[in-house]
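Source: prediction; values computed, not measured. Below, chains carry the letters A, B, ... as their sequence lines are ordered, and counting in each starts from 1.
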Amino acid sequence: MDASAPIKSSAAEDGARTLHIRHLFKEYRAGQPVLRDVSLTIEGRGLTAIIGPSGTGKSTLVRCINRLVDPTSGEIIFRGQNLAGLRGRELRHARRRIGMVFQEYNLVERLTVIENVLCGRLGYLPVWRAWLRRFPPADIARAFDLLDAVGLSAHATQRADQLSGGQRQRVGIARALMQEPDLLLADEPTSSLDPKTSVEIMELIARRAGERDIPVIVNIHNVDLAKRYADRIIGMARGTVVFDGPPQALEHSHLIDIYGGEGWLE
Amino acid sequence: MSEFAPAPTPTRTTRRDAFPPNWPFRIGLLLLALYVVYASSILDLTWPRFLLGLEHGQRFLGRMFPPNVAPDKLKLLYDGMLESLQIAILASVAGTLISLPLGFASARNLSPAPLAWAARLIIVICRTFHPVIVAILFVKAVGFGALAGVLALTVASVGFISKLIGESIEEMSMKPVEALRATGASFLSVVVMAVMPQVLPRFIGFIAYELDSNLRNSALVGIVGGGGIGATLFTAFQRFDYDFVLTIVLTVIVLVMIGEIISGAMRKLFQ
């Protein structure tokens, strides 16, 4: 397969991967909603960037999708299921199809790089196989392929705590892709990294998800990075969506609306 | 102006005091000193009494030398030591097996609140009494011998290990746990892949320490009827075999030192 011209999945499959968020509310403390009536439809392709000031609910929104945070009310429809209402085994099965990349990588520091990548398959394995490290050979082969894809083949058997920040985030990306997800969430994937590494990581997420046709939703502080890699930008402020459109449509006035003030834009 | 010129006096009229006197603390200290004097007069702790005690002690120590190494005594020593070692190992193994689930259940970041509180209650009960008191209870309940010793030290081990296991789970990073939950992993898979790698090295340290401390305490519980070298020691005291007492004491010291070396090595191995 030529990476520059990936085979596009059918429209029907895109439809199944479409994420519908309807009237989503989240209150951590009663009477203080962090998300106020967020409704969004995110197509099953491309990279969607969510921008907005700290504390505006971007992270909460993304975490509601895979239920690391439980929404107070509202619906999240994905692959024909309302994720907001799932529990137990059903929730775990839904989570298997949703990869996530974290701001602080969230690797298991004392495990090796390859073990961390294989953690992406835990939803499919009985616990004794994970415990005895009896992963299916096909999974192990795919884990090595993914390490090649993120440029870490040489570090496979090193412990994760010996890697640099950028390298750790590459492991995080490989772990998420190991799930063969239908949706990739990234919660501030570059906020703990230096500017150069940030670009490399965004490039890697966009490229590897793009060639596998995985839709991506990424929270990001850096507006320039968002404009450079996103197909669609969602601007949030005060717990609601205040901008939604292609990067070219994002104007000065929108940024003032999203972040407030204007001295910082000079 | 010299380099060591004093700091300019503050121009403000009210000087601020950086170290105000702590009067409640000073008064408390004075009261404590007065009580110590009062308590020692009540308990007849006098200098002549102490000197008399020293004289007794001297005679006692004199009768201890040289240590008794007669073959029949050595046989008693060997049997007692072996039993103590067995008591310590059995109690450590049983204590660890009970402590693992109990410790996990007591960690409030993994287990639901009612379960965590129930587990904590059990741990507190195990920790309430000193092993010697627990041993007296078990000797009354199941009779003299090693069984009572094993049970008493198991209770002590459960109290110690499960408390530390629970605490170290609560102190671990939740980030990998969150990440593995997000992959759809089951609770047990999360425990095996995200919790155990973080806490296992510390668990090994606790268990090694507890083995070491069970070895020391197994001599103690024997004195109240829990079997092992403690029983031999107590009998030797009652028969005024002070030279054999010395043999036993020296052997226990050597064994405890060996135990400490082994537990140190175990901890180093799993860092």
The single option from A:Arg63, A:Arg95, A:Arg67 that satisfies salt bridge (Lys or Arg N to Asp or Glu O under 4.0 Å) with B:Glu178 is A:Arg63

Specify which of A:Gly88, A:Gly172, A:Cys119 makes the most heavy-atom pairs with chain B at under 4.5 Å.
-> A:Cys119

Looking at A:Leu185, A:Leu91, A:Leu122, which makes the most heavy-atom pairs under 4.5 Å with chain B?
-> A:Leu122

Okay, B:Leu188 and chain A: the region with an atom under 4.5 Å from a heavy atom over there is both

Over 12 non-hydrogen atoms of neighbours within 6.0 angstrom of [atom1] in [X]:
{"X": "B:Tyr209", "atom1": "OH", "value": "no"}
{"X": "A:Phe25", "atom1": "CZ", "value": "yes"}
{"X": "B:Phe25", "atom1": "CZ", "value": "no"}
{"X": "A:Arg133", "atom1": "CZ", "value": "yes"}

Tightest non-hydrogen contact, residues B:Ala182 and A:Asn66, listed as CB-ND2, 3.7 Å

Shortest non-hydrogen separation from A:Leu111 to B:Pro197 and the atoms involved |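 So the two residues come closest at CD2-CG, 3.7 Å.
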
Say you draw a straight line from [atom1] of [X] to [atom2] of [Y]; how long is it, rounded to the nearest 0.5 Å?
{"X": "A:Asn116", "Y": "B:Met193", "atom1": "CG", "atom2": "CE", "result": "8.0 Å"}
{"X": "A:Glu109", "Y": "B:Lys175", "atom1": "CD", "atom2": "NZ", "result": "10.5 Å"}
{"X": "A:Arg92", "Y": "B:Thr183", "atom1": "CZ", "atom2": "OG1", "result": "10.5 Å"}

Is the closest side-chain heavy-atom distance between B:Pro201 and A:Arg110 below 4.5 Å?
->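 B:Pro201 vs A:Arg110: side chains touch.
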
[X], part contacting chain B, at a heavy-atom distance under 4.5 Å:
{"X": "A:Leu125", "result": "backbone"}
{"X": "A:Leu107", "result": "backbone"}
{"X": "A:Arg175", "result": "side chain"}

